[in-house]
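The model shown is predicted, which means the values in this text are computed figures rather than measured ones. Letters go in sequence order (proteins before strands), and every chain restarts at 1.
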Amino acid sequence: MSLKLYNTLTRTKEPFATLVPGQVRMYCCGVTVYDYCHLGHARSYIVWDMVRRYLQWRGYEVQYVQNYTDIDDKILNRAAQTGQDWQEITQIFIRAYAEDMARLNILTADAYPQATAAMPDIIALIQRLEEQGFAYAAQGDVYYAVERFPGYGKLSGRSLDQMEAGASGRLEPGEQKKHHPLDFALWKAAKPGEPSWESPWGLGRPGWHIECSAMVHADLGAEIDIHAGGSDLVFPHHENEIAQSEAVLTSRLARYWMHNGFVTVGDEKMSKSLGNFTTIRQLLDTPLPVLGGEVFDPMALRLFVLQAQYRKPIDFTEDAIAAAQHSWQTLKEGLLFGYEYGGSLQWPDRNDPDFGNPANMRIPNPSEAVQRFEAAMDDDFNSPGGLVVLFELAKELRKEGNVLTHQGATPTASDTLKSQWQTLVCLSQVLGLAAQPDTAKSSEGLSDQAIEALIEQRQAARQAKDYGESDRIRDQLKAQGITLIDQAGGGIRWHRD
RNA sequence: GGCGGCAUAGCCAAGUGGUAAGGCAGGGGCCUGCAAAGCCUUUACCCCCAGUUCGAAUCUGGGUGCCGCCUCCA
């Protein structure tokens, strides 16, 4: 089997073939840093992280670059509103972005280029476009001449005529500087009081799309393998990037264009302008009634995202939150199986310092589970299909764990369980799903001896048919996080929750 | 108006020609003094109509409904 992925440019699933065998150069359009990230951003970056991890799993060396747009109208507006310096704003939200992504277990990029640090590259590119007749200066601004680029519209699948007709009602007056209504700014002349940079056209700052063209080239080279982003970037952002880059390149900008679907609320796109957004930190930090007052687990958020195919919309609802949290609980129990039962199963490496680290696991290859996982993921990163395998493994392990807890032993071979667990841990890691045991719990509360003593009291009460007393003791233990298991033969086992 | 996408159980979601994966939620049973935990078990003819085919959720045509992009946006 080989990997196929959906290319927005061709609107088909294509076999994945990189420019340099074994290497993937991937660029993902990052955020404009003027506010906290919402769930739409979370989905996008979780998806691209999953893609990156899977490519690595498949043996590719992946170079992953993601930019920060740190100069833009929205940043300046925000600064004007709050009275802060605009660079203070960008610093705050770059830090917030990093924090949010770390909580979601998103790997850090190999580079995070920033527009303000790429000014020489940006200016050089605009100059080159101007020299070759793809751009023209007008009163300190520089515009891209869309009519000069024959392929304009190829990514979004539309023609200039169509777009002009569609946009005719919306074209701003006062844009006489443009030769064609769809020409877009590469460089904007400085307005009084705004930050600006020296350029051949006077003081100014870059337009939105040019930074990515310049930074992709600077950090990854002429033709990259994957260029990714949200569906809302197809037009105009990525269309314009293609126009800018390919006008001066002898190659394509990117071999594959990938776009993720939206997070919706009531089937409407979650977005800043609609005001229907929930920020990542708001969701993860607020106890929720649907979760019985618990906080939503970041891994459950990751699961929520990966349970839908990345190109399809996902609706953000209370039901979905609860389902994802519960699903994560199931998966988590499977992931913790080795920590919980590795000792009683006498796994020799149980006490190794890096026990549970997927990097050190050698799972049986090619096991049936791995094959099914890869078959799903090879088909345009079908993570819901891949999760099926994880859930089957996790449920099987959970069952085995319960048998061990309730009966003290299981007929299943220890080696079999170990390999199932390792497979689960490794494949989960490919999706960025990981759980660590809670080391604090066993040392808190009642001592083992105190618990055993209470259990004996309860047994005595039960034999005397004093069920009021026996239930009282059971409730007392329950309140302290101790669950009793009355076994069929009259024996009692217990565990801390 | 132009272009694109989606429609599968209560909810979410795979499946692109051979009679429906998985998750969540729910039902039933076993066990129990009662519970809890656990174990076992169970729940769909795939938006509508017509067509192609031995056979379609899957292909074709026509409907209906919803969404996205065309303006900043992951």
If you measure from the Lys or Arg side-chain nitrogens to the Asp or Glu carboxylate oxygens, is any gap between [X] and [Y] under 4.0 Å?
X: A:K269; Y: A:D232; answer: yes
X: A:K4; Y: A:E14; answer: no
X: A:R472; Y: A:D466; answer: no

Pick base, sugar-phosphate or nothing for [X], based on heavy-atom distances below 4.0 Å to the nucleic acid.
X: A:T330; result: sugar-phosphate
X: A:R158; result: base
X: A:G157; result: sugar-phosphate
X: A:H237; result: nothing
X: A:L233; result: sugar-phosphate

Whole angstrom value for the distance that separates [atom2] of [N] from [atom1] of [X]:
X: A:Y152; N: B:rC70; atom1: OH; atom2: P; value: 11 Å
X: A:M163; N: B:rG4; atom1: CE; atom2: C1'; value: 14 Å
X: A:F304; N: B:rG22; atom1: CZ; atom2: P; value: 22 Å

(request) With sequence neighbours excluded, tell me which residues meet salt bridge (Lys or Arg N to Asp or Glu O under 4.0 Å) with A:E268. (result) none
(message) Could you work out, with salt bridge (Lys or Arg N to Asp or Glu O under 4.0 Å) as the rule, every residue matching A:R158, not counting sequence neighbours?
(response) none
Considering only atom [atom1], compute the distance from [N] to [M] and round it to an integer number of Å.
N: B:rA21; M: B:rC54; atom1: C1'; answer: 27 Å
N: B:rG17; M: B:rA13; atom1: P; answer: 23 Å
N: B:rC46; M: B:rC30; atom1: P; answer: 35 Å
N: B:rC59; M: B:rG55; atom1: C1'; answer: 13 Å
N: B:rG63; M: B:rA44; atom1: C1'; answer: 24 Å
N: B:rG5; M: B:rU42; atom1: P; answer: 39 Å
N: B:rC45; M: B:rA57; atom1: C1'; answer: 9 Å
N: B:rG27; M: B:rG10; atom1: P; answer: 15 Å

Shorter than 3.5 Å, N or O on both sides, protein versus nucleotides 35-44 of chain B: list them out with atom names.
unit_1 : atom_1 : unit_2 : atom_2 : d
B:rA35 : N6     : A:D486 : OD2    : 2.8
B:rA35 : N1     : A:R474 : NH1    : 3.2
B:rA35 : N3     : A:R474 : NH1    : 2.9
B:rA35 : N3     : A:R474 : NH2    : 3.4
B:rA37 : O2'    : A:H406 : NE2    : 3.1
B:rG38 : O4'    : A:H406 : NE2    : 3.3
B:rG38 : O3'    : A:N402 : ND2    : 3.3
B:rC39 : OP1    : A:N402 : ND2    : 3.4
B:rC40 : OP1    : A:K399 : NZ     : 2.6

(message) Quick check: on RNA chain B, is the nucleotide nearest A:S156 upstream (toward 5') of the one nearest A:D232, or the reverse? Name the residue that is more 5'.
(response) A:S156
(request) Select from A:K74 and A:Y6 the residue whose nearest nucleotide in RNA chain B is closer to the 5' end of that strand. (result) A:Y6
(message) I'd like to know whether CD of A:Q476 has more than 12 heavy-atom contacts from other residues, nucleotides or ligands below 6.0 angstrom.
(response) yes
So [X] and [Y], would you call those rings parallel, tilted or perpendicular, with 30° and 60° as cut-offs?
X: A:H227; Y: A:H238; result: perpendicular
X: A:Y54; Y: A:F373; result: perpendicular
X: A:Y68; Y: A:Y97; result: perpendicular
X: A:H41; Y: A:Y45; result: parallel

(message) Can you tell me if A:S231 touches the phosphate of B:rA74, counting only side-chain N or O atoms and a distance under 4.0 Å to OP1 or OP2?
(response) no
(request) Taking only the side-chain nitrogens and oxygens of A:H326, find out if one of them lies under 4.0 Å from OP1 or OP2 of B:rA25. (result) yes
(request) Please confirm whether A:R311 makes a cation-pi placement over A:Y6, using NZ or CZ under 6.0 Å from the six-membered ring centre and within 45° of the ring normal. (result) yes
Tabulated below should be each protein N or O lying under 3.5 Å from an N or O of nucleotides 9-14 of chain B; please produce it.
unit_1 : atom_1 : unit_2 : atom_2 : d
B:rA14 : OP1    : A:Q309 : N      : 3.0
B:rA14 : O3'    : A:N382 : ND2    : 2.9

(request) Check whether the side chains of A:E374 and A:W57 place a donor and an acceptor atom closer than 3.5 Å, and report yes or no. (result) yes
(message) Can you identify which nucleotide, out of B:rA74, B:rU71, B:rA25, has its nearest atom closest to the A:L182 side chain?
(response) B:rU71
(message) Side chain of A:Y467 only, heavy atoms from C-beta on: which candidate in B:rA74, B:rG33, B:rA25 is closest?
(response) B:rG33
(message) For A:Y152, give me all partners under ring-ring contact (aromatic ring centres under 6.0 Å, His included), at least two apart in sequence or on another chain.
(response) none
(request) Within residues 260-270 of chain A, find the residues that approach RNA chain B with a heavy atom at under 4.0 Å, and present them sorted by residue number. (result) A:N260, A:G261, A:F262, A:V263, A:D267, A:E268, A:K269, A:M270
(message) Centroid distance below 5.5 Å plus an interplanar angle below 30 degrees: do A:F391 and B:rG23 meet both conditions?
(response) no
(message) Does the structure show a Watson-Crick or G-U wobble partner for B:rA74, both distances under 3.5 Å? Name it, or say none.
(response) none
